[in-house]
Number of protein chains: 4
Amino acid sequence: MTVLTVAVDDATPPYEQLRRQFAQLIGSGILQPGERLPPVRQLAGDLGLAAGTVARTYRELEAAGLIRTRRGGGTRVADRPPTLTEDQRRQLLSEYASAYVGQALLVTADNRAILEAVQHALAVRTA
Amino acid sequence: MTVLTVAVDDATPPYEQLRRQFAQLIGSGILQPGERLPPVRQLAGDLGLAAGTVARTYRELEAAGLIRTRRGGGTRVADRPPTLTEDQRRQLLSEYASAYVGQALLVTADNRAILEAVQHALAVRTA
Amino acid sequence: MTVLTVAVDDATPPYEQLRRQFAQLIGSGILQPGERLPPVRQLAGDLGLAAGTVARTYRELEAAGLIRTRRGGGTRVADRPPTLTEDQRRQLLSEYASAYVGQALLVTADNRAILEAVQHALAVRTA
Amino acid sequence: MTVLTVAVDDATPPYEQLRRQFAQLIGSGILQPGERLPPVRQLAGDLGLAAGTVARTYRELEAAGLIRTRRGGGTRVADRPPTLTEDQRRQLLSEYASAYVGQALLVTADNRAILEAVQHALAVRTA
DNA sequence: GTGGTCTAGACCACC
DNA sequence: GTGGTCTAGACCACT
């Protein structure tokens with residue numbers, strides 16, 4: 001679970017950085033339904049955060065239906081994480097791609113490299 | 001210039017959202033060297049922000065060498081925006097791609113759609 | 001910590017006056033690595049400034065790598081403040097000396113007094 | 001007269017940077033009583049400033065008694081620039097030296113280099 | 001309690 | 001008219 005990182009110098013607050021990472025891990029299936037998340041205090045210690053900060057992340061993930069917390073039973077990925085309509089999927093994917101291309105163009109004018117970087121990332125993620 | 005937007009409900013602070021957007025517009029060449037940026041107060045009004053917030057965005061862009069401001073003379077894109085080494089380019093591109101793929105997998109498991117969305121965004125941007 | 005002062009009638013803005021003073025205190029070792037800086041609001045109150053003004057000073061010092069701030073955790077001198085190349089050192093020292101001599105000549109034509117004032121200041125600082 | 005420079009990226013406003021430089025040139029005798037200063041518009045053009053900015057510098061120098069302006073007669077160094085008491089001289093010199101030492105310590109811990117830089121600057125100035 | 005950000009409006013420096 | 005800085009106070013994120 002040490003895939004998780006928090007960049008202190010990022011203007012985006014830690015609880016939100018964490019939330020996004022969990023959302024990705026769950027949405028991509030790397031974290032499977034029913035799988036256990038690390039205890040709040042342990043994760044907080046590992047990342048150098050206060051427990052309350054991690055607790056807030058879990059609270060927001062639960063509100064979004066991505067995880068479920070049971071008293072004394074730890075925190076687990078929800079059995080059936082909420083889904084989107086096909087239209088919403090397309091819309092979001094298009095926005096993400098546009099944002100990525102915007103960033104990538106800042107860094108290279110090479111369209112081919114921009115595509116290959118995605119292929120590479122896909123290969124790594126779905127390995 | 002109304003391509004610029006600020007999402008109030010985003011945890012990332014407005015001055016930083018704006019900064020990133022300008023960085024992309026400049027890096028991708030949509031804003032050309034020497035081209036004028038909107039006056040601080042006008043942009044602030046358009047976006048519903050305080051002038052100081054936009055001023056901070058401009059200040060940070062100038063510190064990064066992307067723009068050049070002259071008191072009383074407006075704000076323009078720098079003549080020679082700073083460049084990166086080839087290694088830095090590759091590193092950044094790889095990070096961006098990884099983040100995009102992470103988001104995309106949240107929304108679809110279809111690798112082909114993930115790539116096509118990038119191709120589409122490229123087509124639009126470089127049109 | 002009341003070595004710090006802000007001259008209201010100086011054309012140099014307060015945030016910059018403060019920044020320079022801290023830079024000197026840190027660079028000369030009067031403020032040691034790890035040592036705590038006064039809280040933003042306390043310092044602001046002591047100096048008759050708005051909190052945001054002091055906050056800006058701290059922000060710029062952090063950007064320069066001289067200090068390290070942690071949300072909710074106060075502000076401290078960085079562990080390893082950044083260093084300069086030998087060439088940069090010589091260049092800067094030469095500029096500072098030239099500026100000093102320029103000021104001193106305004107006030108006395110006595111070369112010996114100009115040197116002795118420096119010796120005296122050195123004795124005080126490194127005491 | 002091209003000894004004069006204005007650093008655009010300095011937080012100290014141009015009119016004040018200029019004022020200090022003239023004060024030094026006059027106080028150190030490099031500009032002699034009665035000697036002519038460059039016309040406002042010419043100097044403004046050379047430095048890339050608006051005429052009003054230079055005019056303000058001259059206005060403040062005249063208010064301080066360092067120069068005198070006569071209609072149609074250009075601007076000249078005052079015949080008897082105002083002087084300071086011996087105590088004021090000592091006090092100011094001490095402050096300047098202290099500021100110099102503060103800056104220098106930021107850049108080198110070598111007391112000897114700090115003194116030699118002053119000797120060098122003196123040699124250049126009084127050459 | 002500590003730092004970060006934002007607003008609203010004011011004044012200054014500059015072109 | 002344009003950018004820069006400051007204030008005063010509010011709310012948020014974090015320890």
Side-chain angles (χ1 to χ4, degrees), chain A residues 6 8-18 44 47-57, chain B residues 6 8 10-18 36-45 47-59 61-62 67-76, chain C residues 6 8 10-18 36-45 47-59 61-62 67-76, chain D residues 6 8-18 44 47-57:
Chain A
V6 166
V8 217
D9 54 331
D10 191 329
T12 306
Y15 82 88
E16 173 65 9
Q17 292 183 43
L18 253 193
L47 296 175
L49 298 174
T53 304
V54 176
R56 172 160 185 186
T57 295
Chain B
V6 166
V8 218
D10 191 330
T12 306
Y15 82 89
E16 173 67 8
Q17 292 182 43
L18 254 192
R36 203 159 175 180
L37 274 65
V40 170
R41 283 158 178 79
Q42 176 189 311
L43 182 53
L47 296 175
L49 297 174
T53 303
V54 176
R56 174 162 181 189
T57 294
Y58 281 16
R59 197 191 313 144
L61 286 168
E62 174 149 47
I67 66 175
R68 166 175 46 97
T69 75
R70 284 173 50 194
R71 283 204 258 221
T75 307
R76 296 172 180 280
Chain C
V6 166
V8 219
D10 191 331
T12 306
Y15 83 87
E16 173 66 9
Q17 293 183 42
L18 254 192
R36 203 158 175 180
L37 274 66
V40 169
R41 284 159 178 78
Q42 176 189 311
L43 183 53
L47 296 175
L49 298 174
T53 304
V54 175
R56 175 163 181 188
T57 295
Y58 281 16
R59 197 191 313 144
L61 286 167
E62 173 149 47
I67 67 176
R68 166 176 46 97
T69 75
R70 284 174 51 196
R71 283 205 258 220
T75 307
R76 296 173 180 280
Chain D
V6 167
V8 219
D9 55 331
D10 192 328
T12 306
Y15 82 89
E16 172 67 8
Q17 292 183 43
L18 253 194
L47 296 175
L49 298 174
T53 304
V54 176
R56 174 162 183 184
T57 296

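Everything numeric in this text was worked out from a predicted model, so none of it was measured. The basis for the numbers below is simple: all heavy atoms, side chains too, and nothing from hydrogens, waters or symmetry mates. Per chain, numbering begins at 1; letters A, B, ... match sequence-line order.
Residue contacts shown for B/R41 include a base, since a base heavy atom lies under 4.0 Å away.
The distance from atom OG1 of C/T69 to atom CG of A/D9, rounded to the nearest 0.5 Å, is 10.5 Å. With values rounded to the nearest 0.5 angstrom, C/T75 atom OG1 is found 9.5 Å from C/R68 atom CZ. Atom CG in B/L61 sits 7.5 Å away from atom CG in B/L37 (nearest 0.5 Å). Put simply, CD on D/E16 and CZ on D/R56 are 8.5 Å apart, with the number rounded to the nearest 0.5 Å.
Shown for residues 47-55 of chain C: residues whose heavy atoms fall under 4.0 angstrom of DNA chain F, namely C/G48, C/L49, C/A50, C/T53.
Between C/R70 and F/dC14 there is no side-chain N or O to OP1 or OP2 distance below 4.0 Å.
The span of DNA chain E lying next to chain D, judged by atoms under 4.0 Å from heavy atoms, is bounded 5' to 3' by E/dA13 to E/dC15.
C/Y58 and C/L43 get closest at one heavy-atom pair: OH-CD2, 3.7 Å. Contact detail for C/Q17 and C/D10: the closest heavy-atom pair is NE2-CB, 3.4 Å. When all heavy atoms of C/R71 and A/P13 are compared, the pair lying nearest together is NH2-CA, 3.5 Å. Closest approach of C/A51 to C/R41, counting heavy atoms only: CB-CG, 4.0 Å. Nearest heavy atoms, C/V54 versus C/L18: CG2-CD1, 4.1 Å. Taking both residues in full, the closest heavy atoms of B/P14 and B/L49 are given as CB-CD2, 4.0 Å, listed atom of the first, atom of the second, then distance.
Counting heavy atoms from C-beta on, the side chains of A/L47 and A/T53 never come closer than 4.5 Å.
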Given pairs defined as Watson-Crick or G-U wobble with both distances under 3.5 Å, what dot-bracket annotation applies to DNA chain F, with ( ) intrastrand, [ ] crossing, | other strand and . unpaired?
||||||||||||||.
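Residue order along DNA chain E, read from the 5' end via each residue's closest nucleotide, puts B/P14 first among D/P13 and B/P14. Positionally, the nearest nucleotide of DNA chain F for B/T75 lies more toward the 5' end than for the other of B/T75 and C/G73.
For the pair A/R56 CZ and F/dC14 C1', the interatomic distance rounds to 10 Å; values are reported in whole Å.
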